Amino acid sequence: MLPLLAGLLLVAASLTPSLIPRDWLVQGLLAGASMAAGYAMMQFLLAIWRTLEIPVLRGRAARIGHALLAVPVLALLGACVFMAGDWQNSIRARMGMPALEVSNTTKMLATALAVFLLLFLIGKAVQALFDLLRLRLARYIPVRSANVLGLLLAALITVTLTRDGVVNWAMRIADSSYVAAQHLTDVSVAPPAQDWQAGSAASGIAWDLMGKPGRDFVLGGPDAAAIARFTGRPAREPLRIYVGLAQDKNPETRARTALDEMLRVGAFDRKVLVLASPTGTGWMDPASYDALEYMQGGDVATVAVQYSYLQSPLALIFETDAGLAQTEALMRLVYDHWRGLPAERRPRLYLHGISLGAWSSMHAFNPFQMMNEPVSGAFWVGPPFPSTLWRQANAARQAQSPFVLPQIDQGEVIRYASQFAPPDRSGKPWGRLRILFLQYGSDPIVFYDATSVWRAPIWMREPPAPDVSPLLRFTPIVTQFQLAADMLVATSAPPGFGHIYHAHDYIDGWVSVTAPEDWTAADTVRLKAICGVNGLTGCENR
């Protein structure tokens, strides 16, 4: 009875709000996992209790005690189910989303029960394996030794089957699905006709190996005519260079292919050169690159190399080193060539990445290598929580500044921005090197915390950001599950919240990091008028 009551307590806690609004299906999955965790935790504690041979209530006394505990637990669960809709609406209101009209409580509870039963049966199977092993071993060795060895063997078999069996099988399916998706394209879309475009007949990059994200990137964005209409001055055709993962298995070879293409099309002759790192699937957010090309009059070259087919959360877990190796190889080749150019002929060099791309881009940033000849800056958006450089910067924040929006010294080198706090809000000048982190307080990819199993993250101990529900509360174990669920649905938020970054915030970021000297606030307003309209991710090429 006690394990069941513990599970129900965690179900109640799982209904409280977190960073991202949840529908009934996600909430059901979360509640079922929470219930299983509570059940297993209490079973473990009871096992220790019995091992220590501490007396327990039995018979009628036990039934009365369980009944007394069940009443408040069930009352709390009922109250939380009743409040669940209001709690979710407290998040939705901050994100400009309509309030929930139907709670679908029955569907949610049925899903939670199904998930719990599935996990319960898996747990029983593991228990049966343990019992089988310890009883067999007890024939040959002392009982205590058999129990310990049986537990270790059962754990080893379970982990091996899960990791090398279920997980690898699922990964193969996911990988093959994404590989197929990469090559889905309209057969009527021909390779670029201009020799200066990546994937053209004159290019060393194979069009059919570029993948759909790369083809979309190369063919997308404003042309010189659209940029000239915006600026009122002659413009250049922006250069977009993209090397697909299928181009070659070796990241060094892909990086060399990218550099060769940059040299072929004159990327180092542009005013601004951007080394961009894609997201896990290879996607390049048009909201960012379109805006920069308008701002710089088209005098921009952007180069990117794909390193994965998987969605960013999966790539972060299962292909951790792939993005790091790729961006490091590209950065080394490009930076060495850039540094070898006469200082007066070099383009301004910037690093840029979104989500997992920000993480890998940060990894390629070597301040010791660049100390004498640094790049012009970096613009990193939605940096994932494991990002070492981001964590080091956070650790250097001024004590009075909030964790979700730190202040580093006077902001000469490193600044943070959000949708509610533009990067130049202090009015103080930048230094020689400009590094900007754009992050939303409601982005779980940024603010997930592995220690939330037992303690509240720093940002939960401070006043909430404007896009975070004030009703969010920390609960051991449950908060960990909530943040994990938030990461899975982080892109379900509307533009400007969660992990969906708005074009207007990209514009403010690029204006701060790399705007031309004659750029004005009126120019920013005009650019925002054609970018991110009605939630669109790119800019209207008009």
Side-chain angles (χ1 to χ4, degrees), residues 198 205 210 213-214 217-218 221 238-245 247 251-280 282-286 288-293 295-296 299-308 322-341 345-367 369-370 373-383 387 389-390 433-438 506 509-510 513-514:
I205 300 173
M210 191 179 288
F217 175 67
V218 168
L239 295 176
R240 293 188 172 195
I241 300 164
Y242 190 101
V243 178
L245 180 57
Q247 181 78 26
E252 293 280 350
T253 304
R254 294 195 298 268
R256 172 59 64 181
T257 300
L259 177 60
D260 290 343
E261 185 74 0
M262 294 171 70
L263 295 172
R264 185 185 74 83
V265 299
F268 291 94
D269 298 328
R270 295 304 177 103
K271 181 171 62 176
V272 172
L273 175 59
V274 179
L275 290 187
S277 184
T279 63
W283 181 64
M284 306 278 284
D285 193 341
S288 181
Y289 303 100
D290 290 6
L292 177 64
E293 288 165 354
M295 190 180 304
Q296 297 295 336
D299 202 2
V300 181
T302 305
V303 58
V305 180
Q306 188 180 21
Y307 52 84
S308 175
L324 306 186
Q326 185 62 79
T327 51
E328 190 173 26
L330 180 64
M331 182 65 193
R332 183 174 58 253
L333 289 175
V334 173
Y335 179 75
D336 285 348
H337 182 85
W338 175 85
R339 186 172 52 180
L341 296 174
R345 284 187 46 213
R346 294 175 187 163
R348 285 186 285 154
L349 180 58
Y350 295 92
L351 306 184
H352 182 47
I354 302 162
S355 187
L356 191 61
W359 181 52
S360 58
S361 179
M362 275 182 261
H363 177 79
F365 180 83
N366 186 341
Q369 178 191 37
M370 303 175 187
E373 296 182 275
V375 299
S376 294
F379 182 22
W380 291 314
V381 181
S387 305
L389 186 62
W390 174 80
L433 173 64
R434 302 183 179 191
I435 296 176
L436 176 63
F437 293 105
L438 172 61
Y506 285 117
W510 283 123
V513 172
T514 183

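For clarity, every value in this text was computed on a predicted model and none was experimentally measured.
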List the steps, then state whether side-chain contact (heavy atoms from CB on, under 4.5 Å) holds for Arg256 with Leu259.
CA-CA 5 Å; Arg256 172 59 64 181; Leu259 177 60; 3.5 Å; yes
Would you check, one step at a time, whether the test side chain to side chain donor-acceptor pair (under 3.5 Å) holds for Ser277 with Ser360?
CA-CA 7 Å; Ser277 184; Ser360 58; 2.6 Å; yes
Working for side-chain contact (heavy atoms from CB on, under 4.5 Å), residues Arg348 and Val272:
CA-CA 5 Å; Arg348 285 186 285 154; Val272 172; 3.7 Å; yes
Could you check Arg240 against Tyr242 for side chain to side chain donor-acceptor pair (under 3.5 Å), going step by step and ending with a plain yes or no?
CA-CA 7 Å; Arg240 293 188 172 195; Tyr242 190 101; over 6 Å; no
Report the C-alpha separation of Val334 and Leu273 in whole Å, then their side-chain angles, then the decisive distance to 0.1 Å, and conclude whether the side-chain contact (heavy atoms from CB on, under 4.5 Å) test is met.
CA-CA 10 Å; Val334 173; Leu273 175 59; 4.3 Å; yes
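Side-chain contact between Phe379 and Trp510 is present, with at least one heavy-atom pair separated by less than 4.5 Å. Side chains of Met331 and Val375 form a contact here, defined as non-hydrogen atoms less than 4.5 Å apart. Glu261 is listed as a side-chain neighbour of Val265, based on a closest heavy-atom distance under 4.5 Å.
With Tyr307 contributing its side chain and Pro278 its backbone, the two residues share a donor-acceptor pair below 3.5 Å. Gln247 contributes no side-chain N or O that, together with a main-chain N or O of Val305, makes up a donor-acceptor pair within less than 3.5 Å.
Atom CE in Met295 sits 6.5 Å away from atom CG in Leu292 (nearest 0.5 Å). Thr257 contributes atom OG1, which lies 11.5 Å from atom CD1 of Ile241 (distance to the nearest 0.5 angstrom). The line from CG of Leu333 to CH2 of Trp338 is 15.5 Å long, rounded to the nearest 0.5 Å. Going from atom CE of Met362 over to atom CH2 of Trp390 covers 8.5 Å, rounded to the nearest 0.5 Å. In this structure, CG on Leu389 lies 5.0 Å from CH2 on Trp380, to the nearest 0.5 angstrom. In this structure, CG in Leu351 is found 10.5 Å from OH in Tyr335, a value given to the nearest 0.5 Å.
Aromatic ring orientation, His352 versus Tyr506: perpendicular (interplanar angle above 60°, classes split at 30° and 60°). Between His337 and Phe268, the ring planes lie tilted relative to each other; the angle falls in the 30° to 60° range.
Residues Asp290 and Gly221 approach most closely at OD1-CA, 3.3 Å, considering heavy atoms. Here the closest heavy-atom approach between residue Gly244 and residue Arg254 is recorded as O-CD, 3.5 Å. The two residues Pro383 and Leu438 make their nearest non-hydrogen contact at CD-O, 3.8 Å. A pairwise comparison of heavy atoms in Arg270 and Pro347 identifies O-CB, 2.9 Å as the closest pair. Closest approach of Leu433 and Phe365 over heavy atoms only: CD2-CZ, 4.1 Å. Nearest heavy-atom pair across Ala258 and Val303 is CB-CG2, 3.9 Å.
In this view, Asp336 and Arg332, Arg339, Gln369 satisfy the side-chain contact (heavy atoms from CB on, under 4.5 Å) rule, not counting sequence neighbours.
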